Amino acid sequence: MLKETTALVEDAGIDEAYLDITDVSLTAQEVAARMKHRIREETALTCSIGIAPNKLLAKIASDMQKPDGLTIISETGIEERLAPLPVRKIPGVGPVTEERLGHMGIATIGQLASLPLDRLVHDFGHAHGRFLYEAARGQDDTPVITHWEPKSRGREITFQEDTGDRQKILRTLAALSREVADEIAQQGYQALTVSIKVRFSDFETHTRGKTLDEATDSYEALKRAAFECLGRLELYKKVRLIGVRVGGLQKSETQ
DNA sequence: TCTGGGGTCCTAGGACCC
DNA sequence: TCTGGGGTCCTAGGACCC
């Protein structure tokens with residue numbers, strides 16, 4: 001349905017999307033009204049829409065009036081609109097970053113915008129520091145992405161009861177490997193890396209990974225690598241969760 | 001708030017090569 | 001032989017998003 005408006009749609013999860021309506025002849029308000037109408041008609045659900053010059057601001061805007069909202073952030077006065085909002089309103093600022101900023105006396109986006117770039121890069125690393133600096137100013141030049149290739153595929157499962165039963169863990173790991181192998185094979189991918197994840201009953205989490213000699217979608221090969229990874233972890237506590245993930249996905253050349 | 005499952009991206013250290 | 005710098009790959013862990 002969204003594509004009737006523009007082909008530039010980025011799928012952002014099961015119930016979110018970004019639309020680039022730069023070249024749509026309707027006004028943003030008209031687009032929003034039509035979308036709300038159609039969504040209500042077809043699903044009986046409301047939705048919240050944010051309209052802004054970029055994705056970051058559109059996302060923030062969409063969150064500003066939650067159910068059934070429509071919020072527009074225009075080119076002018078962006079920093080003034082953002083300044084009073086809590087830093088947590090920035091998508092990409094989670095509980096950890098919020099807490100760290102809090103210790104620095106930074107609670108709002110306006111306060112964040114007062115910090116120099118080098119301070120943020122020093123404290124948060126190159127990418128995240130720069131991201132925070134730009135986000136505080138409402139800057140975001142990332143495009144609406146209409147298509148991308150998957151980078152990894154995984155399966156994980158939490159045991160009904162924490163377990164120390166190694167055979168059970170191995171059986172589960174094999175089953176998960178089977179599911180992952182089948183899925184990538186069916187989707188026409190081969191994987192170059194395999195990693196496993198183990199979470200203990202106290203939530204302590206460890207991963208082990210291995211890069212293969214060549215990409216594969218073979219269950220046996222992926223399972224073997226997963227087992228080898230597990231062998232490099234000492235299971236000294238009961239296990240709550242086990243997972244397998246394959247990465248370095250490449251399109252299979254066969255057919 | 002927690003703590004289920006599927007993802008992405010980043011960082012840091014070490015190995016290795018030129 | 002020693003020293004150094006830069007680049008890339010691998011691995012483990014963590015933050016964050018839906």
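First the proteins, then the strands, lettered A, B, ... as listed; each starts at 1. Because the structure is a prediction, the values reported are computed rather than measured.
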Pair A:Phe124, A:Phe131 - check ring pair (Phe, Tyr, Trp, His ring centres under 6.0 Å), show working. CA-CA 10 Å; A:Phe124 292 95; A:Phe131 166 77; over 10 Å; no
List the steps and the verdict of side chain to side chain donor-acceptor pair (under 3.5 Å) for A:Thr71 and A:Gln65. CA-CA 7 Å; A:Thr71 305; A:Gln65 306 180 57; 2.8 Å; yes
A:Arg119 vs A:Asp123, test: salt bridge (charged side-chain N to carboxylate O under 4.0 Å, His left out). Steps then yes/no. CA-CA 6 Å; A:Arg119 169 90 194 274; A:Asp123 288 1; 3.1 Å; yes
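Here the C1' atom of nucleotide C:dA12 and the CD atom of A:Glu228 are 16 Å apart, to the nearest Å. Atom NE2 of A:His122 is separated from atom P of B:dT11 by 14 Å (rounded to the nearest Å). Note: CZ (A:Phe131) to P (B:dT11) measures 13 Å, nearest angstrom. Rounded to whole Å, atom P of B:dG4 lies 7 Å from atom CZ of A:Arg199. One can place CD1 of A:Ile196 at 14 Å from C1' of C:dG13, the figure rounded to the nearest angstrom. What separates CZ of A:Phe124 from P of C:dG14 is a distance of 18 Å, to the nearest Å. Rounded to whole Å, the distance from NZ on A:Lys197 to C1' on C:dG14 is 11 Å.
Proximity of A:Arg208 to the phosphate of C:dG13: a side-chain N or O atom is located under 4.0 Å from OP1 or OP2. A sub-4.0 Å separation between OP1 or OP2 of B:dT11 and a side-chain N or O of A:His128 is absent.
Heavy-atom nearest nucleotides on DNA chain C were determined for A:Leu192 and for A:His206, and the one closer to the 5' end corresponds to A:Leu192. Of the two residues contacting DNA chain B, namely A:Gly129 and A:Glu149, the nearest-nucleotide position lying further toward the 5' end is that of A:Glu149.
Using a 4.0 Å heavy-atom distance criterion, A:Ser195 is classed as making no nucleic acid contact. Among the atoms of the strands shown, only primed sugar atoms or phosphate atoms (P, OP1, OP2) are found under 4.0 Å from some heavy atom of A:Arg232.
Pair assignment for B:dC18 gives C:dG5, based on Watson-Crick or G-U wobble hydrogen-bonding distances that are each under 3.5 Å. Remark: C:dG13 base-pairs with B:dC10. Criterion, Watson-Crick or G-U wobble with two distances under 3.5 Å.
For A:Lys59, whose side chain is taken as the heavy atoms from C-beta onward, the closest listed nucleotide among B:dG6, C:dG13, C:dC18 is C:dC18. Listed nucleotides: B:dG7, B:dT3, B:dT11. Nearest to the side chain of A:Arg245: B:dG7. Comparing atom distances between the A:Val96 side chain and each of C:dC16, B:dT11, C:dC18 picks out C:dC16 as nearest. Side-chain proximity of A:Thr211 to C:dC10, B:dT11, C:dC18: nearest is C:dC10. Among the nucleotides C:dC18, C:dA12, B:dG5, the one closest to any side-chain atom of A:Glu16 is C:dC18.
There is no path of hydrophobic side-chain contacts, each under 4.5 Å, that joins A:Leu56 to A:Ile21.
Not a single donor-acceptor pair under 3.5 Å links the side chain of A:Arg208 to the backbone N or O of A:Cys229. At least one donor-acceptor pair closer than 3.5 Å links the side chain of A:Lys36 to the backbone N or O of A:Cys47.
The line from CZ of A:Arg245 to CD of A:Glu156 is 7.0 Å long, rounded to the nearest 0.5 Å.
Heavy-atom distances under 4.0 Å link DNA chain C to no residue of residues 151-186 of chain A.
A salt bridge does not link A:Asp162 with A:Lys237: every distance from a Lys NZ or Arg NE/NH1/NH2 to an Asp or Glu carboxylate oxygen is 4.0 Å or more.
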